[in-house]
Amino acid sequence: MTHDARTLKEIESFAVELARGGGARVQSALATEVTVRHKTAALGEKPARDPVSNVDRETETWLRERIASRYPSHGVIGEEFDDASTDSDFVWCLDPIDGTTNFVHAFPMFACSIGVLHRGQPVAGAVWCSTSHELRPGVYHARDGGGLRFEDHSLRRRPPVEGVVCRLTGEPGGAIDCDLPRDRRATGSAAIECALVAAGSMRWAMFGRVHIWDVAGGLALARASGLECWTRGERGWTAFSSFSAPAGRGLRDWRQPLLLASVEDAELLRNVAPV
Ligand code: IPD
């Protein structure tokens, strides 16, 4: 299946609808009683981390139902349900709540992230964020060949404010070993960090081994705002071209470091490893 411009435009607008609907569900669930379990508890890890709530699962189920009815031939990878049927050309990568730990504490930084891949390439993304550069919830979105948008309006990447020496950077794993003057931030949501780097509120983001659903939507945003995307393997950083399944495993098992940065910053950061 090919993807013409019209198909992609429709996919982007459906992704926006899903992210907005998912975000609204998550937001309204803040007023309800949420039940939580820990994924790592099953592995015997202490203290148990990586919470998942009923809202994560219910929202992902809602997203999956909508996709299955609109695009029955497309594949889906979601954080909360293991689904082996991802050999379609188009695959939707869903994180119903990115930043679940924040969500369960009502710490107001979480996202509902939708990324659409075509043969592994991120071709569209829509990330509902609980807050934004406009201090309100909204959806950052983009498609291949189109620019970055926020709530359906074109968004130019925020340029650096003159005189500011230390710009904000996303280093969620901890301080990386580099001398560049900066002020680090870790929001607890990789998807929000991707969106804020794309929007220019943050200068770059360097992630340790993130999951495909954390960043598939955000990668489309970063590319649309002209950023470089790099991933890291045994030979150091290489330009990201597409998601691919690790040997003998499925696409949902992709888990790699990721750097989103301008051309100039990527050049400076290419000798630096993530924490
Ligand atoms: C988590 C967030 C967090 C990142 C973790 C992710 P989740 O996603 O993106 O920022 O540091 O690696 O697992 O579990 O809340 O969807």
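One-based numbering, in listed order, for ligands and for the atoms of each.
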Does at least one non-hydrogen atom of [X] fall below 4.0 angstrom from an atom of ligand 1?
X    : answer
D56  : no
I97  : yes
G188 : yes

Any atoms of ligand 1 less than 4.0 Å from a non-hydrogen atom of [X]? List them with their elements.
X    : value
T100 : 15 (O)
D50  : 14 (O)
D95  : 16 (O)
A190 : 2 (C), 9 (O), 10 (O)

Are any of the N or O atoms of [X] closer than 3.5 Å to those of ligand 1?
X    : value
P172 : no
E79  : yes
D98  : yes
H211 : no

For the residue pair [X] and [Y], confirm or rule out a side-chain donor-acceptor distance under 3.5 Å.
X    : Y    : answer
E60  : W62  : no
T100 : D56  : yes
E134 : S132 : no

**Asked** Less than 4.0 Å between atom 2 (C) of ligand 1 and some protein heavy atom, yes or no?
**Response**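 Yes; the ligand atom in question has protein heavy-atom contact below 4.0 Å.
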**Request:** Verify the contact flag for atom 5 (C) of ligand 1, where contact means a protein heavy atom under 4.0 Å away.
**Result:** no
[Y]/[X] salt bridge by N-O under 4.0 Å criterion:
X    : Y    : answer
D183 : R167 : no
E193 : R185 : no
D152 : R20  : yes
R66  : E17  : yes

**Asked** Are any side-chain N or O atoms of S88 and backbone N or O atoms of V91, one a donor and one an acceptor, separated by less than 3.5 Å?
**Response** no
**Request:** Specify the protein heavy atom at minimum distance from atom 7 (P) of ligand 1: its residue, its atom name, and the distance to 0.1 Å.
**Result:** G99 N, 3.6 Å
**Request:** Give the residue and atom name of whichever protein heavy atom lies nearest to atom 12 (O) of ligand 1, and the separation in Å to one decimal.
**Result:**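 Residue, atom and distance for the closest contact: D214 OD2, 4.3 Å.
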**Asked** Can you list every salt bridge (charged side-chain N to carboxylate O under 4.0 Å, His left out) pair that touches residues 217-226, not counting sequence neighbours?
**Response**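 Qualifying pairs, neighbours excluded: none.
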**Item:** cation_pi(R70, F14) dist<6.0 Å, angle<=45
**Value:** yes
